[in-house]
Amino acid sequence: MSYTPSEIEAKWQKQWEEEQAFEPSDSHTEPKKYILSMFPFPSGRLHMGHVRNYAIGDALARYYRKQQFNVLHPIGWDAFGMPAENAAIKHGRHPKEWTYSNIDYMRKELNTLGLSFSKTREFATCDPLYTKHEQKFIIEMFEKGLLYRESTTVNWCESCHTVLANEQVEEGCCWRCDNPVQLKEMPGYYLDIIRYADELLEDLAQLEGKWPSQVITMQRNWIGKSQGLAFDFELTEESKAKLGGKFEGYEVFTTRPDTIYGVTYSALAPEHPITKYLVEHGLLEAEVAEKIKSIANMSEVERAKQDKEGYPLGISVIHPLTGEEIPVWTANFVLASYGGGAVMAVPAHDERDFEFATKYGLPIKRVIEGGEALPYTGNGTLIDSGRFSCVGNEEAKIAITNYMEEEGKGKGTTNYKLRNWGVSRQRYWGAPIPFVHCPNCGLVPEKFENLPVALPDDVEITGEGNPLENHPTWKYCHCPKCGGEAIRETDTLDTFVQSSWYQFRYATNPKKWEEVGIDKEDADYWLGVDQYIGGIEHAILHLLYARFFTKVLRDLGYHDVDEPFERLLTQGMVLKDGAKMSKSKGNTVDPDALVAKYGADTARLFILFAAPPQKELEWNDSAVDGAFRFIKKLYDRKSKVTGNTFPDIDHSALGKESKLARVKVYEALQKSTEVYEKSFAFNTLIAACMEALNALDKQDNADVWTEGMYIMLNLLEPIIPHVATELSDTLFARENFGGKIEVKEEVFVQDSILYVVMIGGKKRTEIEVDPSATQEEILALAKEAGEKWLQGMQIVKEIVVPNKLVNLAVKPK
RNA sequence: GCGGAUGUGGUGGAAUUGGUAGACACGCCAGACUUAGGAUCUGGUGCCUAACGGUGUGGAGGUUCGAGUCCUCUCAUCCGCACCA
């Protein structure tokens, strides 16, 4: 009977469903593996990137299940977000209906791939039950001061009508729709991720070697820790008077306290309160005030593209060490969001300060020796730096910081590039932020017993404004504290909040889902995730947020886990014609069509064979044919199997070809452990199985065939589960799936060993040597075989690499 | 500019970690069978050469008996961050 994937796959998928074959055990005593592929957004259809992601995860889950581990391999839906609202705007479908019907469709698609997911732990993040617990966490974070509301300058995407977190701005544009982001002053909710910055940074060390170094580096840079000195510049009396006595001075931050004697001016961001005061009170020339306003309206990205630009503010500060008067400017390169929006400028030793000083003719004072030209940013000895002259600058950094601290003039400070996470979104399809604005009590969290604060179903989504804000009744409520009339918060949570704790939700036994968000005992047993698999695009966003949430929830007492994802594999993209598959480019391959034509096993085999998982995968239709051919061949060879169990073979009695076939089979077996547990180079394991099958084909010993198939089906089951299970079931009643198969070392013992003979570093010939031959005997054979190349030569060195080669180093006589 | 990677046949990719470069697969070439097919099977296939042989892992050096692998320099491509004081 020929290979018919549709029948075989339907049969086993049905059986797995009936047997509930992939549910983890509730027992917490067995060794466990938690294998997690990033959950999908229910966009409507599966794409090849999904297939790759889940094929990798499923292979690992099935492998460990076969090794008798208690395996958690769950799936769910990252279900809130803009696309659902866009569907509502475009096609008039309700986001909820759109989302859940997409989930139904995609679940079927996943089923046809034969993925071994737990069915009982599936959920969508838009399920009210999930929202309920998430809102509780949010309130607890508020109570700990980790969540706060503040009005500040935010990134605003006009096309999505919502605020974006810093991490969601890519090159000044919205991560989702790619429209330029504007700056806007508005209130929002923030999570104090900076409080965890140090731990997030330090714990990256634990992930070294287990996460791709690239991701670790990206996170490190994103957190951007730097140490330096913060000190106050005091305004001159005259300047204080000019500012109406509202300001005494301002704080600046520097990582180069060693250059403090080189300060020749100071610069403020256009948004700095002092700059603002001067502009608003007409203390600057009208023209200058206009220029400053126009800079303030530009995004950081726009500003970065401009030339350095600035204006003197007509005020001065006093140098804390020299007492000199320092002029104060405003400049477009000073960022409001970092270091307080004010800097000391040392043009001699900072490129930006130098460029600015040169443009505006400001003085430049060298205080560090070294280099010929200015600016000089390297190390050297201090000069013209008062009592610190003649000190090396690294030493001076510490000395000056200490001195400033002793004098009460400043303090050593740590700064981060990381900004607090803005989590409020002015959209409908998200988890409502569970707070109430009460005219008497202020911002009040909803009572736990009233959670979830659910979304209203009757909503009009037009794309204009915030649908919850515009809803006729939903926001009117009573204050949970005083009972008076109040207004419900209409912002919803960033969808990244949901994906920050879903790994704990899966781990929690579904029987407890109503009652608790995370069960501590379950969480501590299952987490961290032993292997997490997903795209590199989440290197910062999701992976940083999830790490942060893990630490916060730990500190709220929900579990004892420090890091959510023990090991991370970032899969490469699936390309066609050298470009990422996308509808707009018209270069997509539809997984459904692929499965319909070849079956799921072929799809999975090809995708794991075509490239190592970390690399980009170039789609190739005819290579898919090749994968299909291999499965057909494997299926066809079931007729070669005569026994129904692991055979006993007398290796020495076998012919040469049969011996070689066994070597190939056992090499594949050896390789499998390393591949499944360490390297994930499935392509090499599949190649080894192909070699083994080719070698088996060259011989005809029925026992060797039986043994070969017994082992190969075991190795391939995680990759091509349907056909492997079908064959294993028919041939061996699935006995060969029972556990690890032992490697028989005797197979690798050879009758004779092939040595390569190299002369002068070049391969010249080969010799067959008896395994018991001594080094002298091997050398003698090699010299005899290589005689032709040794003529007129003198051997200067003889090297024998056991079981491999002989190298005779020569020189002319 | 800073940081991280990657460079191997016509293509995707191997190489037990310093030991026969190109496994496996795709493609291509030749042949077999034939119910003529986008099926199956057999053989070949890095490059130069009629052959002997030479040469070959982006490039140039170096270490070594031996280098795709280690060291130095260099080029190219991709990705991330980007005025962070």
Side-chain angles (χ1 to χ4, degrees), chain A residues 170-172 212-222 224-226 228-229 252-256 259 266-267 300-301 303-308 331-335 337-346 349-353 355-356 415-419 536-537 539-540 573 575 606 609-612 614-627 629-630 632-633 636 667 670-671 674 681 683-694 697 754-766 795-811:
Chain A
E170 294 171 350
E171 294 184 15
S213 60
Q214 202 192 155
V215 176
I216 294 177
T217 309
M218 281 167 74
Q219 292 217 352
R220 219 169 248 148
N221 293 343
W222 189 262
K225 181 178 180 172
S226 53
L229 170 72
V252 295
F253 173 74
T254 179
T255 53
R256 294 293 307 271
T259 65
S266 169
E300 285 187 6
V301 180
R303 285 185 222 183
K305 287 180 195 148
Q306 310 280 319
D307 285 338
K308 300 252 178 308
N332 66 343
F333 69 90
V334 180
L335 303 175
S337 58
Y338 186 81
V343 297
M344 67 176 212
V346 184
H349 305 293
D350 182 283
E351 281 172 26
R352 295 153 305 184
D353 298 347
E355 195 186 327
F356 192 82
N415 245 310
Y416 302 93
K417 287 191 210 177
L418 183 69
R419 302 291 89 208
I536 184 86
E537 65 272 18
I540 295 192
M573 281 192 301
L575 309 179
F606 168 73
F609 180 57
Q614 298 87 342
K615 281 193 76 167
E616 290 180 335
L617 185 156
E618 174 70 31
W619 194 264
N620 179 338
D621 284 324
S622 49
V624 178
D625 274 321
R629 268 200 290 273
F630 171 72
K632 265 199 297 194
K633 189 167 155 188
D636 176 72
E667 276 176 357
Q670 267 183 329
K671 185 157 212 106
E674 188 213 320
N683 53 331
T684 64
L685 175 61
I686 295 165
C689 288
M690 286 173 168
E691 277 188 72
L693 190 59
N694 290 344
D697 248 341
L754 195 68
Y755 275 77
V756 167
V757 179
M758 296 175 83
I759 293 167
K762 289 195 171 85
K763 180 192 167 184
R764 291 302 184 187
T765 185
E766 290 171 352
I795 298 174
V796 291
K797 198 162 184 180
E798 299 169 338
I799 284 128
V800 178
V801 182
N803 303 323
K804 288 241 160 61
L805 56 81
V806 177
N807 192 0
L808 303 172
V810 291
K811 67 176 185 189

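In this text, all values refer to a predicted model and were calculated from it rather than measured experimentally. Labels below follow one simple rule: chain letters A, B, ... track the order of the sequence lines, proteins then strands, and each chain is numbered from 1. Side chains included, hydrogens not; waters and symmetry mates left out as well; all remaining heavy atoms used.
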Between A:Lys797 and A:Phe333, just flag the one whose closest nucleotide in RNA chain B comes earlier from the 5' side.
A:Lys797
Considering just the side-chain nitrogens and oxygens of A:Ser226, establish if one lies under 4.0 Å of OP1 or OP2 belonging to B:A85.
yes
Classify the nucleic acid contact of A:Ala610 as base, sugar-phosphate or nothing, counting any heavy atom under 4.0 Å across all strands shown.
sugar-phosphate
Identify, with sequence neighbours excluded, every residue that meets side chain to side chain contact (heavy atoms under 4.5 Å, CB included) alongside A:Glu355.
A:Lys308
How would you list, by chain and number, every residue that makes a side chain to side chain contact (heavy atoms under 4.5 Å, CB included) with A:Lys225, sequence neighbours excluded?
A:Asp198, A:Leu201, A:Gln227, A:Thr414, A:Tyr416
What is the distance from CG of A:Leu693 to C1' of B:A23, rounded to the nearest Å?
16 Å
Output the single nucleotide from B:A82, B:G13, B:G12 whose closest atom is nearest the side chain of A:Asn683.
B:G13
With sugar-phosphate meaning primed atoms plus P, OP1 and OP2, does A:Gln614 contact a base, only sugar-phosphate, or nothing at under 4.0 Å between heavy atoms?
nothing
With sequence neighbours left out, the residues meeting ring pair (Phe, Tyr, Trp, His ring centres under 6.0 Å) with A:Phe609 are none
Mind checking what makes ring pair (Phe, Tyr, Trp, His ring centres under 6.0 Å) contact with A:Phe333, not counting sequence neighbours?
A:Phe356
Scanning all shown strands, the Watson-Crick or wobble mate of B:U35 with both distances under 3.5 Å is none
Among residues at least two apart in sequence or on other chains, which ones pass ring pair (Phe, Tyr, Trp, His ring centres under 6.0 Å) with A:Trp222?
none
Looking at B:C83, does its base get a donor-acceptor pair with the side chain of A:Lys308 below 3.5 Å?
yes
Among all residues two or more places apart in sequence or in another chain, which pass the side chain to side chain contact (heavy atoms under 4.5 Å, CB included) test with A:Ala342?
A:Tyr250, A:Val252, A:Leu268, A:His272
Check nucleotides 2-5 of chain B for protein N or O atoms closer than 3.5 Å to its own N or O atoms and list the pairs.
from: B:A5; atom 1: OP1; to: A:Ser213; atom 2: OG; distance (Å): 3.4

Going by the salt bridge (Lys or Arg N to Asp or Glu O under 4.0 Å) test, which pairs reach into residues 616-626 of chain A, not counting sequence neighbours?
none
For B:A60, what is the paired nucleotide under Watson-Crick or G-U wobble rules, both distances under 3.5 Å?
B:U72
Since syn is defined as within 90° of 0, does B:G13 count as syn or as anti?
anti
Do nucleotides 25-33 of chain B as a string where each nucleotide becomes B, S or -: B if the base has a protein heavy atom under 4.0 Å, S if just the sugar-phosphate does, - if no protein is that close.
SSS------
Could you check whether A:Pro612 gets within reach of a base, just the sugar-phosphate, or nothing at all, counting any heavy atom under 4.0 Å?
sugar-phosphate
Quick one: which protein N/O atoms are closer than 3.5 Å to N/O atoms of nucleotides 17-20 of chain B? Pair and distance per line, please.
from: B:G19; atom 1: N2; to: A:Asn807; atom 2: ND2; distance (Å): 3.2
from: B:U20; atom 1: O2; to: A:Lys763; atom 2: NZ; distance (Å): 2.9

Can you tell me if CD on A:Glu537 sees more than 12 non-hydrogen neighbours from other groups inside 6.0 Å?
yes
Can you sort out the partners of A:Lys804 under side chain to side chain contact (heavy atoms under 4.5 Å, CB included), two or more places apart, ordered by chain and number?
A:Val801
If B:U77 has a Watson-Crick or G-U wobble mate with both distances under 3.5 Å, name it; if not, just say none.
B:A5
Run the salt bridge (charged side-chain N to carboxylate O under 4.0 Å, His left out) test against A:Arg764 and tell me which residues pass, sequence neighbours left out.
none
Of the nucleotides B:A85, B:G13, B:C65, which one has an atom closest to the side chain of A:Ala809?
B:C65
